[in-house]
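Only one structure is covered here, and it is reproduced in the block below.
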Amino acid sequence: MIVMKFGGTSVESAAAIERVASIVKARTERRPVAVVSAMGKTTNKLLAIAADSVNGRRAQALDQLAELRAFHQRETESILREDDRTEARRILDEHFGELAELAGGFAVLGELTPRSIDAISAFGERLSSALVTLAFKYFGMDAVHIDSRAVIVTDNRHTQAAPLYPQSYERLAGKVAPLAQRHIVVMGGFIGSTEAGVTSTLGRGGSDFTASIVGAGIGAEEIQIWTDVDGMLTADPTILPGGHRVKTISFAEAAELAYFGAKVLHPATVTPAIEKNIPVLILNSRRPDVPGTKIVAEAVPCRNAVKSIACKRKITLVNIRSTRMLMAHGFLRRIFESFDRYETPVDMVSTSEVSVSLTIDNPGRLPAILEELRQFAEVDTENNQAIVCLVGENIRYTPGVSGRVFHALEDINVRMISQGASLLNLSFVVAEQDLAKTVGALHREFFAEVDPVVFD
Ligand code: ADP
Ligand code: ASP
Ligand code: MG
């Protein structure tokens, strides 16, 4: 068995779904289980509808709902069998009926909770998985739909839920694995339900994570992440186009890149795969013949020090100075307790004798945190910063990497340098306006020559 996950752009239109169908069909012998994301930008649209509803923009919310329904109908009706058209219409009626009710409820309550955000954002994958199942039948496959909420069990940290592995694995092995022996199973990514049966989600970009939970749960031989790029590239193509494809990379390197912003893979994806040692492949659904990136337990020997450059935009830098001459005992603890209390993850930290600088990527609860910190420290913040992160298992064995970084970035103001505790990354902060220049200079420095065994 293999798991094949298709992201939003891979199922955004009739033509895209047709490409997906032919990719899956060609692998029927490997007993594929397909995990699909919401079609195109559906998740963003659902969240916008929720925001409009809760803020009293009822007409706008209803217009957007109608548009979203028309989009789903338009992009699937030409790839349905005659006798499945009524079923598709029933699915749309049912889901959009529920959505309209939900939106009405938000308007009355005037408040969005994490639980209600999950209820609405889950509709993208609920719809796409049901419709793609019907489309697969049109393309001659024996497809069966499974509602992921019946098999992916999570805790109740809505919008960022963590899977409960034993329960999920048991259901996947009991329900999905036997079905996949005879049919092509189609499931939605991103969604699950709590033990009490309430709809939850694994966080934005979470369909990759679903694919790997499913892969581990059914004992798949491979997990394939099909997306809109040729694989893991040496730089984020939205910042620096034309990077090299990384042919093979280790789980540890891929996890680090994902954590530091390489959106092509959700950071948690590798966790179940490592546990069961299942290789993960990143592949391009528009160019299925490109061999992609293979993520495996051990990195193959490579002549380059760096495998790829990741970056995270919209970072806030927080500088905290002790109001005493030296940092007092317990100073760091008090700082981190504040961030912890407001569930705000800290990405990078650096300390000096009297000050601490750290970065966060979600400033939603920063005002409350700052109020606490100001009771015992002087604090200022800087927005529009970016983290740049060089990743490669060779960084720790190659002398002079940081020297090369500073030489390449001579005329850029580099902040907060840190060699991560994992020893396979070197990261630092620059102003977002310097990001493209920074990545360009680093790419020239570290990828002017590439080892053909590892890079394309
Ligand atoms: P999907 O909808 O298939 O899950 P995503 O948009 O989540 O796709 O992820 C794919 C995108 O990740 C690419 O289009 C690319 O812009 C971005 N990306 C960021 N960093 C990298 C990288 N190092 N290599 C490849 N893609 C990257
Ligand atoms: N549809 C979800 C999102 O947009 C999950 C995913 O695409 O992976 O975040
Ligand atoms: Mg994604």
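Computed from a predicted structure; not experimentally measured. Atom set for the values below is all heavy atoms of this structure, side chains included, hydrogens, waters and symmetry mates excluded.
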Exercise for the section: Please lay out, stage by stage, how Val270 and Val280 fare under the test side-chain contact (heavy atoms from CB on, under 4.5 Å). Expected result: CA-CA 8 Å; Val270 300; Val280 177; 5.5 Å; no

Shortest non-hydrogen separation from [X] to [Y] and the atoms involved:
X	Y	answer
Asp155	Ala161	OD1-CA, 3.4 Å
Ala88	Leu131	CB-CD2, 4.2 Å
Met1	Ile218	CE-O, 3.1 Å
Lys175	Ile146	O-CD1, 4.4 Å
Ile223	Ala273	CD1-CB, 4.2 Å
Tyr169	Pro272	OH-CB, 3.6 Å

[atom1] of [X]: more than 12 outside heavy atoms within 6.0 angstrom?
X	atom1	value
Arg115	CZ	no
Lys314	NZ	no
Arg287	CZ	no
Glu98	CD	yes
Glu371	CD	no
Arg396	CZ	yes

Between [X] (side chain) and [Y] (backbone), is there a donor-acceptor pair under 3.5 Å?
X	Y	value
Thr316	Asn383	no
His95	Ile91	yes
Ser148	Gly188	yes
Asn384	Glu432	no
Arg31	Gln181	yes
Asn55	Ala51	yes
Ser53	Ala107	no
Asn304	Phe446	yes
Thr133	Val144	no

Exercise for the section: Tell me, please, whether Phe123 has Arg126 positioned over its six-membered ring: NZ or CZ under 6.0 Å from the ring centre and within 45 degrees of its axis? Expected result: yes

Problem - Cation over ring face, Lys312 and Tyr259, 6.0 Å, 45° - result: yes

Are any non-hydrogen side-chain atoms of [X] and [Y] less than 4.5 angstrom apart?
X	Y	result
Ile2	Glu221	yes
Val401	Asn394	no
Thr42	Leu68	yes
Phe96	Leu92	yes
Ile152	Ile191	no
Ser37	Glu125	yes
Ser121	Leu47	yes
Phe106	Ile49	no

Identify whether the distance between the nearest side-chain nitrogen and carboxylate oxygen of [X] and [Y] falls below 4.0 Å.
X	Y	result
Glu67	Lys45	no
Lys137	Glu87	no
Arg341	Glu372	yes
Arg69	Asp93	yes

Using a distance-only test with no angle check, is there a side-chain donor-acceptor pair under 3.5 angstrom linking [X] and [Y]?
X	Y	value
Ser200	Thr154	yes
Ser250	Glu393	yes
Thr113	His158	no
Arg149	Thr199	yes
Thr238	Arg313	yes

Look up atom [atom1] in [X] and atom [atom2] in [Y], then write down how far apart they are to the nearest 0.5 Å.
X	Y	atom1	atom2	answer
Thr28	Asp142	OG1	CG	10.0 Å
Asp84	Leu134	CG	CG	5.0 Å
Glu337	Ile369	CD	CD1	13.0 Å
Ile360	Arg365	CD1	CZ	11.5 Å
Arg204	Gln160	CZ	CD	10.5 Å
Leu358	Met416	CG	CE	6.5 Å

Problem - Residue pair Phe455, Thr234: steps toward the side-chain contact (heavy atoms from CB on, under 4.5 Å) verdict - result: CA-CA 9 Å; Phe455 302 95; Thr234 47; 3.6 Å; yes

Under 3.5 Å donor-acceptor pairs involving side-chain atoms of residues 288-302, not counting sequence neighbours:
{"residue": "Thr293", "atom": "OG1", "partner": "Met232", "partner atom": "N", "Å": "2.8"}
{"residue": "Thr293", "atom": "OG1", "partner": "Val246", "partner atom": "O", "Å": "2.7"}

Side-chain donor-acceptor contacts of residues 4-20 below 3.5 Å, not counting sequence neighbours, with atom names and distances?
{"residue": "Lys5", "atom": "NZ", "partner": "Asp208", "partner atom": "OD1", "Å": "2.6"}
{"residue": "Ser10", "atom": "OG", "partner": "Ser285", "partner atom": "OG", "Å": "2.9"}
{"residue": "Ser13", "atom": "OG", "partner": "Ala16", "partner atom": "N", "Å": "3.1"}

Handout entry: Parallel, tilted or perpendicular, as decided by the 30° and 60° cut-offs, for the rings of His244 and Phe447
Key = tilted

Practice task
May I have the step-by-step check of side-chain contact (heavy atoms from CB on, under 4.5 Å) for Arg30 and Gln224, ending in yes or no?
Solution key: CA-CA 12 Å; Arg30 299 185 75 187; Gln224 303 180 346; 3.7 Å; yes

Practice task
Have a look at Leu257 and tell me which of Leu265, Leu424, Asp236, Ile249 forms a side-chain contact (heavy atoms from CB on, under 4.5 Å) with it.
Solution key: Ile249

Practice task
Go through the steps to decide whether Arg157 and Glu343 satisfy the test salt bridge (charged side-chain N to carboxylate O under 4.0 Å, His left out), and finish with yes or no.
Solution key: CA-CA 11 Å; Arg157 291 185 46 228; Glu343 291 176 339; 5.2 Å; no

Exercise for the section: Show your reasoning for whether side-chain contact (heavy atoms from CB on, under 4.5 Å) applies to Leu112 and Ile120. Expected result: CA-CA 10 Å; Leu112 275 180; Ile120 194 162; 5.8 Å; no

